[in-house]
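What follows is one structure encoded as structure tokens, with my remarks underneath.
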2 protein chains.
Amino acid sequence: MKTGTLDIKKVKKVAFILKAIGNPLRIAIIDVLRVNEELAVSEISRQLEAEQSLVSHNLLNMKLKGILDSRREGKNIFYRLKLKEVLKVIECMENCDMEDL
Amino acid sequence: MKTGTLDIKKVKKVAFILKAIGNPLRIAIIDVLRVNEELAVSEISRQLEAEQSLVSHNLLNMKLKGILDSRREGKNIFYRLKLKEVLKVIECMENCDMEDL
DNA sequence: TGAATATATAAACATATATTCATATGTTAC
DNA sequence: GTAACATATGAATATATGTTTATATATTCA
């Protein structure tokens with residue numbers, strides 16, 4: 001594959017990130033971390049009413065990709081947004097009118 | 001699943017669109033359509049050095065989702081960006097420093 | 001009509017992703 | 001030490017996605 005104005009590395013990087021956050025639960029996680037700065041897994045799980053394990057999988061997934069960061073404090077592990085740009089991305093998309101499929 | 005500040009519909013919509021464009025070839029397609037306004041399938045295929053069929057699949061995919069639009073002119077079918085917001089999304093992501101995986 | 005061109009479609013396949021469940025690990029308090 | 005809690009991990013599974021190949025459809029032009 002060739003590319004146009006963006007070089008191939010940038011194309012891949014952009015695709016990588018968008019794919020990484022392109023999932024309802026992960027968008028919701030990012031959204032609660034927009035408001036709360038830092039949250040424990042159990043707290044995210046509780047707020048989103050999603051299984052602990054599922055939340056954990058997705059948190060680790062995004063951490064691995066550099067989107068989130070975490071630190072332990074006692075029994076809890078607190079996650080926070082690392083790649084703040086994803087907030088802008090979500091804001092960009094919030095108000096566009098799509099024919100709902 | 002519950003959600004935070006965004007309602008569940010918006011969360012799903014945002015995820016839907018980001019997932020839809022989160023692929024290197026599709027980012028590259030959007031990128032050439034940023035510069036060219038309107039392009040035939042064969043021209044996109046040629047510029048990106050990607051198989052006609054693969055390009056066609058991805059164009060139709062994005063058209064179905066409301067991201068692109070197309071019109072026929074003789075033997076050619078010209079595609080164009082419909083959901084311009086995706087350009088902003090890509091721009092948002094262009095310059096963030098990710099630890100490359 | 002038939003040849004040439006452009007695009008779409010469908011089948012087949014490999015690979016990736018989302019989700020659940022059960023279990024392991026790490027931490028605190030007793 | 002053990003109990004209780006928080007989180008991670010791994011297996012298993014269903015489903016979705018990306019890609020190729022071959023073929024069908026539409027259009028133009030001779």
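The analysis underlying the following values was restricted to heavy atoms, covering all of them including side chains, and did not include hydrogens, waters or symmetry mates. Quick caveat: nothing in here was measured; it's all calculated off a predicted structure. Letters A, B, ... are given to chains in the order of the sequence lines, protein chains preceding strands, and every chain is numbered from 1.
In this structure, of dT9(C), dA8(D), dT5(C), it is dT5(C) that holds the atom nearest to the side chain of Lys75(B).
Taking atom CG on Asn58(A) and atom P on dT7(D), their separation rounds to 15 Å, with Å as the unit. For Leu54(B) and dT15(C), the CG to P distance is 16 Å, given to the nearest whole Å. Atom pair Asn61(A):CG and dA8(D):P shows a separation of 13 Å (rounding to whole Å applied). Spacing between atom CZ of Arg71(B) and atom P of dT7(C) amounts to 12 Å, rounded to whole angstrom units. Between the CG atom of Leu60(B) and the P atom of dA8(C) there is a distance of 5 Å, given to the nearest Å. Look at NE2 on His57(B): it is 10 Å from P on dA8(C), rounded to the nearest Å. Distance NZ (Lys63(A)) to C1' (dT7(D)): 12 Å, rounded to an integer number of Å. Rounded to a whole Å, the CZ atom of Arg72(A) is 9 Å from the P atom of dG26(C).
How far CD1 of Ile29(A) is from CE of Met62(A): 4.0 Å, rounded to the nearest 0.5 Å. Put simply, NZ on Lys2(A) and CG on Leu48(B) are 8.0 Å apart, with the number rounded to the nearest 0.5 Å.
Between Arg71(A) and Glu38(A) there is a salt bridge, since at least one side-chain N of the basic residue sits less than 4.0 Å from a carboxylate O of the acidic one. Using a cutoff of 4.0 Å between basic side-chain nitrogens and carboxylate oxygens, Lys88(B) and Glu91(B) are not scored as salt-bridged. The pair Lys13(A)-Glu85(A) fails the salt-bridge criterion, with no side-chain N (NZ, NE, NH1 or NH2) lying under 4.0 Å from an Asp/Glu carboxylate O.
Minimum interatomic distance between Leu25(B) and Ala50(B) (heavy atoms only, all atoms of both residues): CD1-CB, 4.2 Å.
Mapping Ser56(B) and Glu73(A) onto DNA chain C by nearest heavy atom places Ser56(B) at the nucleotide closer to the 5' end. Mapping Ile77(A) and Lys19(A) onto DNA chain D by nearest heavy atom places Ile77(A) at the nucleotide closer to the 5' end.
Here Asn76(A) reaches the OP1 or OP2 of dT7(D): one of its side-chain N or O atoms lies under 4.0 Å away.
A 3.5 Å limit on both hydrogen-bonding distances identifies dA3(C) as the Watson-Crick or G-U partner of dT28(D).
Across all strands, Tyr79(B) comes closer than 4.0 Å only to sugar-phosphate atoms, never to a base (heavy-atom distances). Heavy atoms of Leu59(B) sit nowhere under 4.0 angstrom from any nucleic acid atom.
In this structure, Glu43(A) places its CD atom where more than 12 heavy-atom neighbours from other residues, nucleotides or ligands lie under 6.0 Å away.
Less than 4.0 Å separates DNA chain D from at least one heavy atom of each of the following residues of residues 21-53 of chain A: Ala40(A), Val41(A), Ser42(A), Gln52(A), Ser53(A).
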